[in-house]
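Order of the sequence lines fixes the chain letters, A, B, ..., with proteins taken first and strands second; residue numbering starts at 1 for each chain.
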2 protein chains.
Amino acid sequence: MIEQSDVRWLNDREQLAWRAFLNMHSQLTARLNRELQDGAGVSNSDYVVLVWLSEHPDGPVRMLELARGLQWEKSRLSHQLTRMTARGLIERSNCSEDRRSAFIVLTPAGRDILETAAPIHVAGVRRYLFDALDPSQVDALHAISQGTIDRLAPSASAVSTTASTTRP
Amino acid sequence: MIEQSDVRWLNDREQLAWRAFLNMHSQLTARLNRELQDGAGVSNSDYVVLVWLSEHPDGPVRMLELARGLQWEKSRLSHQLTRMTARGLIERSNCSEDRRSAFIVLTPAGRDILETAAPIHVAGVRRYLFDALDPSQVDALHAISQGTIDRLAPSASAVSTTASTTRP
DNA sequence: ACGAATTATGTGACGTGTCAACTACGATAG
DNA sequence: CTATCGTAGTTGACACGTCACATAATTCGT
C-alpha cells in the first residue's frame with residue numbers, strides 16, 4: 001500500500017525482531033501488572049513509586065526528587081500521588097524550607113503492601129524472563145537497551161524509571 | 001526494606017538489564033509516538049490499526065479478525081474504533097451475513113494519513129534502534145522476545161500486535 | 001419451533017498518561 | 001522595595017486500557 005521510494009523499510013529479520021519485541025513487552029508487563037494487582041492490590045505504577053520511596057528512607061522526599069528519579073513528568077507524578085494518597089499508600093506533608101514544595105512519605109500500610117508486592121513482582125520477572133535467559137542474553141539485552149537509551153537521550157544518563165528487584 | 005528469605009532477587013546484571021529494558025521501551029515508544037503525532041496527527045494505536053487494515057484489503061474486515069490479529073481485547077478495540085471513526089480514519093458498516101457483526105473499512109483520509117505516517121514510523125525505528133544494532137543483536141533481540149512470548153502464552157503463537165515496517 | 005447457551009459488539013466507570021494552563025512561592029535585578 | 005522571572009506543584013481536558021456488564025443476534029438441543 002505504501003510506495004515511497006526513498007524509505008529504508010525493515011528487512012525480514014528486523015521486522016520479526018521488532019514485532020516480537022513489542023509483543024513481548026506488552027504481554028510481559030500486562031502479566032506482571034495483573035499478578036501484582038491480584039496479589040497485592042497495587043498497580044505497576046503504585047509499585048514503582050513505593051519501591052523508590054522505600055529506597056530513599058533518609059529524610060523526607062520531595063516531589064522533584066521522585067520525578068527525576070523515576071523520570072516521570074511532574075503532572076503524571078502529581079496525578080499518581082493523588083490516587084495513591086486516596087488509597088492510603090502515601091501521605092503528603094508540607095515542606096518547611098520551601099512552602100511550594102511537598103514531602104512524600106510512605107504510610108505503614110504502603111510499606112506493608114510493598115513487602116507483599118515485591119516478592120510477587122520479582123518472581124514474575126524471573127519466571128517469565130530471566131529464568132529463560134542465559135548470561136550472554138542478559139548482557140545482550142542490557143547492551144541493546146542501554147545503547148538505545150543513549151541514542152534517545154544523548155546528554156543525560158537515566159537512573160531508574162523502574163522497579164527494584166534487588167534485595168536492599 | 002524487604003526481607004523475605006526465600007525470594008530469589010535479581011543479581012546485579014539482571015537488575016541492570018531489567019531496568020534498562022523498561023527504560024528503553026518507555027523512552028523509545030514515547031519518542032515514536034510523539035513523532036507520529038507531530039508528523040501525521042495519529043497515535044501509535046491509530047497507526048497500528050491503520051496498518052492492519054491496509055494489510056488486509058481483500059473484502060471487508062470484521063472486528064473479531066482485527067481483535068485477534070492485534071491481540072487486543074474487544075472492548076479496547078471498540079473504544080479505539082469509536083475514536084477513529086470520530087476522527088474520520090475509518091467507518092463501520094453493517095455486516096449482511098451476521099447482523100451482530102460490523103465491518104471496518106479504511107476511509108480515503110485514513111489511507112492518506114497512513115501513507116504519511118509509515119515512513120515517519122520506520123525512520124524512527126531505524127534511527128533509534130536498528131541502525132545501532134548489528135545483525136547478531138537483531139537476532140538476539142528476536143530470540144529473547146520470542147522466547148518470553150512463548151513462556152507467557154505457551155499454547156497459541158502471536159501473529160502481530162504491532163506496526164508494519166516492511167514494504168507491502 | 002422454542003428457549004437456553006453462545007457469540008459479536010457496545011457502554012460506563014474508573015485508573016492511567018499527556019498537554020497546556022494555572023497558582024503560589026522564591027529569587028533576583030533595578 | 002517592587003517588578004519580574006523562574007520554580008514547585010496542581011488542575012482540567014482529553015486519549016487510552018481494563019473490567020464488568022448490557023444488548024442483540026445466532027446456534028443448538030430437544
Mind calculating the distance between [atom1] ([X]) and [atom2] ([N]) to the nearest angstrom?
X     : N      : atom1 : atom2 : value
A/L89 : C/dG15 : CG    : P     : 13 Å
A/E73 : D/dT10 : CD    : C1'   : 14 Å
A/N94 : C/dA24 : CG    : C1'   : 13 Å
B/N33 : C/dT18 : CG    : C1'   : 10 Å
A/N44 : C/dT16 : CG    : P     : 10 Å
A/Q27 : D/dT18 : CD    : P     : 12 Å
B/L81 : C/dT11 : CG    : P     : 12 Å
B/Q80 : D/dC14 : CD    : C1'   : 14 Å

- Task: Return yes when atom CG of B/N94 has more than 12 non-hydrogen atoms of other residues, nucleotides or ligands closer than 6.0 Å, and no otherwise.
- Result: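 Not buried by this count: 12 neighbours or fewer within 6.0 Å.
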- Query: Tell me, do B/Q80 and B/V49 make a side-chain contact under 4.5 Å, heavy atoms counted?
  - Reply: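 Answer yes - side chains close enough.
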Check whether any side-chain nitrogen or oxygen of [X] sits under 4.0 Å from OP1 or OP2 of [N], and answer yes or no.
X      : N      : result
A/R76  : C/dC19 : no
B/R87  : D/dC16 : yes
B/S101 : C/dA8  : no
B/R99  : D/dT26 : yes

- Task: Would you kindly say whether B/Q37 and B/Y47 are connected by a side-chain donor-acceptor distance under 3.5 Å?
- Result: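 Not at all, the side chains of B/Q37 and B/Y47 share no donor-acceptor pair under 3.5 Å.
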- Message: What's the closest nucleotide to the side chain of A/M63 if the choices are C/dT16, D/dC16, D/dT10?
- Response: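 That would be D/dT10.
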- Message: Can you work out whether A/A30 or A/D98 has the more 5'-proximal nearest nucleotide on DNA chain D?
- Response: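 Final value for this comparison: A/D98.
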- Item | Closest-nucleotide 5' rank along DNA chain D - winner of A/A102 and A/R34 |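 Counting from the 5' end, the first nearest nucleotide belongs to A/A102.
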- Query: Which residue lies toward the 5' end of DNA chain C, A/H79 or A/R100, if each is placed at its nearest nucleotide?
  - Reply: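 Mapping each residue to its closest nucleotide by heavy atoms, the 5'-most match is A/H79.
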- Message: Let me spell it out: for each of A/K74 and A/S45, pick the nucleotide of DNA chain C with the closest heavy atom. Which residue's pick is nearer the 5' end?
- Response: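 Result: A/S45.
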Give [X] one of three labels, base, sugar-phosphate or nothing, depending on what nucleic acid heavy atoms sit under 4.0 Å from its own.
X     : result
A/T82 : nothing
B/S75 : base
A/R83 : base

- Message: Ignoring hydrogens, what is the shortest heavy-atom contact between B/V7 and A/P119? Give both atom names and the distance.
- Response: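 Nearest heavy atoms, B/V7 then A/P119: CG2-CB, 3.6 Å.
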- Message: Show the nearest heavy-atom pair for residues B/Q137 and A/A143, with the distance to one decimal.
- Response: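 Where B/Q137 meets A/A143 most closely, the heavy atoms are NE2-CB, 4.4 Å.
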